[in-house]
Amino acid sequence: MDSINNNQPNGENILTPATEERPKDVIKILGTWGLSYNTYNSAQLLVLLMILKYLQKVITEQVIAQKLRHGNYPKSAEQIARKAIYITMWLKDFSFPPQHYARLRQLLLDMSQQPIAIPFKQGEATLYMRFPRLFEVKQFAYSKGRPYVHLAFPLGVWDLLMSCDKGYACIDINAVRMMRSEYSRKMYVSMQCWLNRGIADMYPAKVMLLLKGSENAYTCYGELENHVLFIAHQELKRLYDKRIIDDYFDYTPYYKDNIKHSLPTHITFKLQKRIYLEGDDETNEELRGLQAQLSVKLRIIYNVRPEKADSMSKRLRLSDVGDLHTWFLHRDDRIRQCKMHNRPMNPAGYIVNGLNGFFADHGC
């Protein structure tokens, strides 16, 4: 059988688990996996990560190193004829104790019945393709008394999954194990892929697709916040405070023109990284770049005097970037409203006075 098998059950080269416990178990996750839309529960997400861990050599050496785009993964004639990629895993590779193998088998069978949508790039646009399942469970079997499973990934699924279309990130599986909520786990995994620039605006429907697998999971923001966002935020912040993870997220709903509806126009997410507070040469350089961008924005868009723009921008800290983004959105709404109703306003003075208050409130 032509399959991807880092540790063939029928062979003699069997990796034994490490005897030394490690505080972190870091793997590389392709964004195509981390940003997929699915309804996997907490345990199923962990199963998915263990499959990813098993495929690390393939991911790092064939996909990331070659910078593969979707559809370019090399396939054998047998795989093309079979229209699937097989992988063969020992059940022990899922890190479930033997007494829970029955549950593991059921989790895999359940996952084989659940639909999934996988992202891919078409030009500059990100599109999603839906599939009835991620993989099929072809066989549970034994080799020399050891249980294993054959999983078959359809070629269409594999071609989208095994690509650098959405980049890659590093996550700690052991940190995921410490998270109780499936929303904490999904947020931790996905935010490494889409919040890696520090700040992002996301439509509520997209948030629900990422964390719930359905864009209509909730009809009002209060439900989305209370049942999903607040839970994930609190748990990731708790693990951050214990220094188990090095980042968490904050979020703020944004309503255009301050007119509140059942759902906000978008939700602004900000990545809070430990390195932003502790600092190093790289983050200091990043901060200088952001300060320069702010100075240009103040001068070009709001006509603030250059010397004032430079002095104001130097008060910016990395930890304030997300809040400042939301602050500008509201100020721009106010300026737009005044222009629309022909109300007199000095945008430069309005922005400078407001920024003084913003930075004072943030202790800088």
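- For R177 against F94, the heavy-atom pair with the smallest separation is NH2-O, 4.5 Å.
- Taken from CZ in F153 to CZ in R133, the straight-line distance is 12.5 Å, to the nearest 0.5 Å.
- In summary, the side chains of Y221 and K260 do not present any donor paired with an acceptor at a separation below 3.5 Å, with no hydrogens or angles considered.
- When atom types are taken as modelled, the side chain of N226 and the backbone of G222 share a donor-acceptor pair closer than 3.5 angstrom.
- Hydrophobic clustering (ILVMFWY, side-chain heavy atoms < 4.5 Å, transitive): M178 and M187 are in one cluster.
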I would like to know whether L151 and V137 meet side chain to side chain contact (heavy atoms under 4.5 Å, CB included); could you show each step before the answer? CA-CA 5 Å; L151 302 177; V137 177; 4.0 Å; yes

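- Taking the side chain as every heavy atom from C-beta outward, L55 and W33 approach each other to under 4.5 Å.
- Between Y254 and the options T326, T265, D333, a side-chain hydrogen bond (donor to acceptor under 3.5 Å, both in side chains) holds for only D333.
- Scanning all heavy atoms of the two residues, the minimum distance from R336 to K256 falls at NH2-CE, 3.8 Å.
- A donor-acceptor contact shorter than 3.5 Å is absent between the side chain of K186 and the backbone of N41.
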Stepwise side chain to side chain contact (heavy atoms under 4.5 Å, CB included) test for L30 and K166: CA-CA 7 Å; L30 295 167; K166 299 300 293 179; over 6 Å; no

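- Taking 4.5 Å as the limit, some side-chain heavy atom of R299 sits within range of a side-chain heavy atom of S295.
- For the residue pair Q272 and D250, a side-chain donor N or O sits within less than 3.5 Å of a side-chain acceptor on the partner.
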Stepwise side chain to side chain contact (heavy atoms under 4.5 Å, CB included) test for L271 and Y248: CA-CA 6 Å; L271 189 65; Y248 67 99; over 6 Å; no

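- Contact check on K270 versus D323 returns a salt bridge, with a Lys/Arg side-chain nitrogen under 4.0 Å from an Asp/Glu carboxylate oxygen.
- The distance from the CD1 atom of I29 to the CD atom of Q192 is 9.0 Å, given to the nearest 0.5 Å.
- Applying the side chain to side chain donor-acceptor pair (under 3.5 Å) test to Y302 and every residue at least two apart in sequence or in another chain returns D332.
- A donor-acceptor pair under 3.5 Å is absent between the side-chain atoms of R130 and the main chain of A117, judged by distance alone.
- Under a hydrophobic clustering in which Ile, Leu, Val, Met, Phe, Trp and Tyr are joined whenever their side-chain heavy atoms come within less than 4.5 Å, directly or via other members, L195 and I231 fall into different clusters.
- Side-chain heavy atoms closer than 4.5 Å link hydrophobic residues (I, L, V, M, F, W, Y) into clusters, and following such links, possibly through other members, connects W158 to M129.
- Counting only heavy atoms from C-beta outward, the side chains of K212 and Y183 approach each other to under 4.5 Å.
- Looking at S36 and N38, their side chains do bring a donor and an acceptor atom within 3.5 Å of each other.
- A salt bridge between D241 and R238 is absent, with no side-chain N of the basic residue lying under 4.0 Å from a carboxylate O of the acidic one.
- There is no path of hydrophobic side-chain contacts, each under 4.5 Å, that joins Y37 to Y203.
- The heavy-atom pair separating F249 from L229 by the smallest distance is CZ-O, 3.7 Å.
- Side-chain N or O atoms of Q291 include none that pairs as donor or acceptor with a backbone N or O of R315 at under 3.5 Å.
- Cluster annotation: V26 is not connected to I59 through the hydrophobic network of ILVMFWY side chains, with a link wherever side-chain heavy atoms come within less than 4.5 Å.
- Within the 3.5 Å criterion, the main-chain N or O of K28 finds a donor-acceptor partner in the side chain of Q56.
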Test log, rule ring pair (Phe, Tyr, Trp, His ring centres under 6.0 Å), inputs Y101 and F96: CA-CA 7 Å; Y101 280 174; F96 276 64; 7.9 Å; no

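- Across every non-hydrogen atom of V58 and Y73, the tightest pair is CG1-OH, 3.5 Å.
- Distance check: E182 CD to S42 OG gives 6.5 Å after rounding to the nearest 0.5 Å.
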Start with the C-alpha gap between L161 and I118, add the side-chain angles, then the distance that decides, and say whether side chain to side chain contact (heavy atoms under 4.5 Å, CB included) holds. CA-CA 7 Å; L161 281 178; I118 304 170; 3.9 Å; yes

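- For the pair K92 and Y148, the cation-pi test (distance below 6.0 Å, angle within 45°) is failed.
- Checked by atom type, the side-chain pair T32/D165 shows no donor-acceptor distance below 3.5 Å.
- Scanning for ring pair (Phe, Tyr, Trp, His ring centres under 6.0 Å) contacts around Y188 gives an empty result, with sequence neighbours left out.
- The aromatic rings of F230 and H233 lie tilted to each other, with the angle between the two planes from 30° to 60°.
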What pairs of donor and acceptor atoms, side-chain ones from residues 340-355 against any protein atom, are under 3.5 angstrom apart with sequence neighbours left out?
residue	atom	partner	partner atom	Å
H341	ND1	Q337	O	3.0
N346	OD1	A348	N	3.3
N353	ND2	G349	O	3.2

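- Contact annotation: the side chain of D246 never approaches that of K273 to less than 4.5 Å [non-hydrogen atoms, C-beta and beyond].
- Of all the heavy atoms in L263 and C220, the pair that sits closest is CD2-C, 3.6 Å.
- In this structure a side-chain-to-backbone donor-acceptor pair under 3.5 Å is missing from R317 to L287.
- In this structure, D25 CG and L49 CG are separated by 10.0 Å, a value rounded to the nearest 0.5 Å.
- Minimum heavy-atom separation, N196 to C193: OD1-O, 3.6 Å.
- For the residue pair E225/Y251, the side-chain donor-acceptor check at 3.5 Å is satisfied.
- F120 meets the ring pair (Phe, Tyr, Trp, His ring centres under 6.0 Å) test with H70; sequence neighbours excluded.
- A donor-acceptor distance shorter than 3.5 angstrom exists from the side chain of E235 to the backbone of S181, with no hydrogens or angles considered.
- Side chain of S76 to backbone of Q79: a donor-acceptor contact under 3.5 angstrom is found.
- Among residue pairs with one or both ends in residues 102-121, those qualifying as side chain to side chain donor-acceptor pair (under 3.5 Å) are T39-Q114, Q44-Q114, R105-Y142, Q106-D110; sequence neighbours excluded.
- Under the rule for a side chain to side chain contact (heavy atoms under 4.5 Å, CB included), the partners of M202 that lie at least two apart in sequence or sit in another chain are W194, K206, V207, L210, F269.
- Counting heavy atoms from C-beta outward, M179 and L236 have side chains that approach closer than 4.5 Å.
- Y40 OH to L46 CG: the interatomic distance, rounded to the nearest 0.5 Å, is 13.5 Å.
- With contacts defined as side-chain heavy-atom distances shorter than 4.5 Å, the pair R69/C164 qualifies.
- The CG atom of L91 lies 8.5 Å from the CE atom of M89; values are rounded to the nearest 0.5 Å.
- A heavy-atom distance below 4.5 Å is found between the side chains of I51 and F135.
- Residues K53 and I173 meet the side-chain proximity criterion, which asks for heavy atoms closer than 4.5 Å.
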